[in-house]
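Read through the structure below, which is laid out as structure tokens, and then see the notes.
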Amino acid sequence: SPEEIARRELESKLNSVNARLQQMRDIAQRNIGTARGVRDEVIGNIGQTYAGLVQQAESRRNAALGALGQEELGVQNLYGRAGGTARRAMESALTRNRMRARAMNQLNSSFYDQIQAATTEEARKALFDLEQEQAAKRAAIGTRRSETDDWFNQQASVIEQEKANLESQAEREYQNQVNTALDMERAYGIDSLAAAEQAERDFASKLAQIDAYIQDRGTQLIQL
């Protein structure tokens, strides 16, 4: 009968569309696997790139802190020598005062005692000034050391955050493509030819999106 012929013709067209849809589903599943590989490679490259950045930052921090350590050691040595010179100058001055007082037979005089006390006090003030200068310079180096450490810690935090953002972005993009492919499963069980043909068009469009994702991400892999 004409109805039977029409029914068979519709069934044949539906079967043909559904067969093409099944082929597309198979392609989509393969593409999901490819997209997963691309995602893993992107995340792997992100990890390597940022591990290198962290290592560079750590090396620079160590170099900067090492330079500050050497600078502090130089200050200690400089003021150590200056302090030694001041003490020797004091001892020399005290000896000269003693020799002069002995020559003038004034060793037991109050004048001699005052001269020695004045010489000792002058040397003490000079040593105190040197210690104050050294303490101020070492404190300034300590501040720079702390600032340097804080700055590099901040950079490490920024690097880690950037890495986490890129990794989550790669994961989100991959999941979006997977969800797009999985959405195509809704094409199953369509019994209207118009709906099946629309599903086929949608499916083809979404396959193109997955292909574009793989191609775009593959290009970006080269740039990382």
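Index from 1, following the sequence. Note that this is a predicted model, so its numbers are computed, not measured.
- A donor-acceptor pair is defined here as one N or O able to donate and one able to accept, closer than 3.5 Å; such a pair exists between the side chain of Ser59 and the backbone of Gln55.
- Looking at Gln116 and Arg98, their side chains come closer than 4.5 Å, going by heavy atoms from C-beta outward.
- Residues satisfying the side-chain hydrogen bond (donor to acceptor under 3.5 Å, both in side chains) test with Arg102, not counting sequence neighbours, are none.
- Atom CD of Glu4 is surrounded by more than 12 heavy atoms from other residues, nucleotides or ligands within 6.0 Å.
- Heavy atoms from other residues, nucleotides or ligands lying under 6.0 Å from CG of Asn105 number 12 at most.
- Using a 4.5 Å heavy-atom cutoff, the side chains of Arg61 and Asn153 are in contact.
- Checked by atom type and distance alone, the side chain of Ser12 never pairs as donor or acceptor with a backbone atom of Arg8 at under 3.5 Å.
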Using distance only, find each side-chain donor-acceptor pair of residues 125-141 under 3.5 Å and give its atom names and separation, not counting sequence neighbours.
unit_1 : atom_1 : unit_2 : atom_2 : d
Glu133 : OE1    : Tyr79  : OH     : 2.8
Lys137 : NZ     : Tyr79  : OH     : 3.1
Arg138 : NE     : Glu72  : OE2    : 3.0
Arg138 : NH2    : Glu72  : OE2    : 3.2

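- Remark: the backbone N or O of Glu91 is paired with a side-chain donor or acceptor of Thr95 at under 3.5 angstrom.
- Transitive grouping of hydrophobic side chains (ILVMFWY, heavy atoms separated by less than 4.5 Å) keeps Met104 and Leu94 in distinct clusters.
- Classification of Lys13 and Glu9 as a salt-bridged pair holds, one side-chain N sitting under 4.0 Å from a carboxylate O.
- Here Thr143 contributes atom OG1 and Arg145 contributes atom CZ; the two are 10.0 Å apart, rounded to the nearest 0.5 Å.
- Shown here is Asn108, whose CG atom has no more than 12 heavy atoms of other residues, nucleotides or ligands within 6.0 Å.
- Contact detail for Gly80 and Arg87: the closest heavy-atom pair is O-NH2, 4.5 Å.
- Partners of Ser92 by side-chain hydrogen bond (donor to acceptor under 3.5 Å, both in side chains), not counting sequence neighbours, listed by chain and number: Arg96.
- In the hydrophobic clustering of ILVMFWY residues, with side-chain heavy atoms under 4.5 Å counting as a link, Val54 and Phe152 come out apart.
- Ion pair Glu147/Arg144 not flagged as a salt bridge, since none of the NZ, NE, NH1 or NH2 atoms sits closer than 4.0 Å to an Asp/Glu carboxylate oxygen.
- The number of heavy atoms from other shown groups lying within 6.0 Å of CD (Gln56) is above 12.
- Between atom CD of residue Gln114 and atom OG1 of residue Thr119 there is a gap of 11.5 Å, rounded to the nearest 0.5 Å.
- To the nearest 0.5 angstrom, Asp149 atom CG is 5.5 Å from Leu65 atom CG.
- A distance of 12.5 Å separates CG of Asn62 from CZ of Arg60, quoted to the nearest 0.5 Å.
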* Asked: Ser109 and Asp113: side chain to side chain contact (heavy atoms under 4.5 Å, CB included), yes or no, with the steps?
  -> CA-CA 7 Å; Ser109 68; Asp113 292 340; over 6 Å; no
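- To the nearest 0.5 Å, atoms CG (Leu107) and CE (Met99) are separated by 11.5 Å.
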* Where do Met90 and Arg124 land on the side chain to side chain contact (heavy atoms under 4.5 Å, CB included) test, with the steps shown first? -> CA-CA 9 Å; Met90 178 190 69; Arg124 188 194 67 77; over 6 Å; no
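- Gln155 CD to Ile159 CD1: the interatomic distance, rounded to the nearest 0.5 Å, is 6.5 Å.
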